[in-house]
Amino acid sequence: MKIAVACDHAAVREKEAVAQFLRDSGHEVLDFGTRGDSSVDYPDHARPAAEAVGRGEADRAVLLCGTGLGVMYVANKVKGVRAALVVNPFLAEMSRRHNDANVACFGARWQELPSILTLTETFLATPFEGGRHQRRVEKIDPR
Ligand code: RB5
């Protein structure tokens, strides 16, 4: 898969580790930064990554900030994007199965890196169930 990644200064180490994990798993990574320690505004990195998903240039995105909330709010403003705050294995799976989530969001200030990697793996491996959920997902975007 082609996977966009982005973060703010609170999650650079975790974003780099996620990017490496994705490459090692055979995915192509589109890195929207940030890269250094300097303080940045999370929308400046999360929005272009989410837009890449919205335009179909990336299949999924993994976005990280301190809480995971800021990047999730930004991503969910982008047409065609369904971003989930992936707090545990149940949501990693169900956000895919029932909601066809295409962006996974994590908070580096409260989630441990091994857990972020495991949840990312589950998120990417779980299929959308379609069926009755397809109709519901189609009703999410404003008309
Ligand atoms: C940055 O200090 C912090 O506010 C940001 O990483 C994120 O948690 C916002 O939602």
Side-chain angles (χ1 to χ4, degrees), residues 1-129 133-143:
M1 273 193 257
K2 221 180 244 192
I3 302 175
V5 297
C7 68
D8 71 358
H9 52 280
V12 174
R13 184 183 75 93
E14 288 77 7
K15 186 264 288 174
E16 294 298 329
V18 167
Q20 193 55 52
F21 173 76
L22 294 173
R23 286 188 200 100
D24 291 346
S25 306
H27 299 291
E28 184 180 339
V29 172
L30 308 176
D31 190 341
F32 289 85
T34 189
R35 288 186 179 81
D37 291 337
S38 308
S39 180
V40 294
D41 299 335
Y42 54 83
D44 295 340
H45 298 275
R47 182 171 293 114
E51 285 173 344
V53 174
R55 283 196 298 264
E57 293 161 12
D59 302 299
R60 304 263 196 282
V62 178
L63 307 180
L64 305 99
C65 63
T67 60
L69 291 170
V71 291
M72 181 190 68
Y73 299 143
V74 171
N76 275 318
K77 297 282 185 187
V78 176
K79 190 170 167 35
V81 167
R82 293 170 297 281
L85 184 62
V86 181
V87 304
N88 58 33
F90 180 73
L91 289 192
E93 193 177 326
M94 296 311 289
S95 64
R96 288 287 312 132
R97 284 202 186 289
H98 285 193
N99 311 116
D100 198 16
N102 46 18
V103 175
C105 302
F106 297 101
R109 289 187 175 150
W110 64 275
Q111 289 178 289
E112 300 294 331
L113 180 57
S115 168
I116 292 172
L117 297 180
T118 304
L119 294 171
T120 296
E121 195 171 32
T122 302
F123 183 84
L124 295 176
T126 306
F128 176 47
E129 279 180 15
H133 301 294
Q134 180 67 45
R135 183 183 69 243
R136 294 164 185 168
V137 165
E138 282 168 9
K139 290 182 177 180
I140 292 175
D141 266 325
R143 286 142 212 239

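We count ligands from 1, going down the list as the structure has it; atoms in each ligand are counted the same way.
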Self-check item: Sidechain-backbone polar pair: R96 side chain, A101 backbone, donor-acceptor under 3.5 Å
Solution: yes

Quiz item: Are the side chain of D8 and the backbone N or O of D41 linked by a donor-acceptor pair below 3.5 Å?
Solution: no

Quiz item: Purely on distance, is any nitrogen or oxygen of Y42 under 3.5 Å from one on ligand 1?
Solution: no

Quiz prompt | Nearest heavy-atom neighbours spanning V5 and A19 | solution = CG2-CB, 4.4 Å

Practice problem: Before signing off on this row, confirm whether G68 and ligand 1 have an N or O atom pair separated by under 3.5 Å. | Solution: no

Self-check item: No-hydrogen, no-angle side-chain donor-acceptor test under 3.5 Å, E16 and Q20
Solution: no

Exercise. Can you sort out which atoms of ligand 1 are near G70, meaning under 4.0 Å from one of its heavy atoms?
Key: 10 (O)

Exercise. Could you tell me whether T67 approaches ligand 1 through its side chain, its backbone, both or neither, with non-hydrogen atoms closer than 4.0 Å?
Key: both

Self-check item: Contact partition for A10 relative to ligand 1, non-hydrogen atoms under 4.0 Å
Solution: side chain

Quiz item: Is any heavy atom of the protein nearer than 4.0 Å to atom 8 (O) of ligand 1?
Solution: yes

Quiz item: Does H9 use its side chain to pair, donor to acceptor, with the backbone of V40 at less than 3.5 Å?
Solution: yes

Exercise. Name the closest protein heavy atom to atom 5 (C) of ligand 1, giving the residue it belongs to and the distance to 0.1 Å.
Key: D8 OD2, 3.1 Å

Quiz prompt | Non-hydrogen atoms of V86 and F123 that approach each other most closely | solution = CG2-CD1, 4.3 Å

Practice problem: Go through ligand 1 atom by atom and flag the ones less than 4.0 Å from a non-hydrogen atom of R109. | Solution: 1 (C), 2 (O), 3 (C)

Practice problem: Pull out every atom of ligand 1 sitting under 4.0 Å from any heavy atom of C65, numbered as shown with elements. | Solution: 6 (O), 7 (C), 8 (O), 9 (C), 10 (O)

Quiz item: Counting N and O atoms only, with roles assigned by atom type, does the side chain of N102 sit under 3.5 Å from a partner on the main chain of R82, one being a donor and the other an acceptor?
Solution: yes

Exercise. Check whether any N or O atom of G66, backbone or side chain, sits under 3.5 Å from an N or O atom of ligand 1, and answer yes or no.
Key: yes

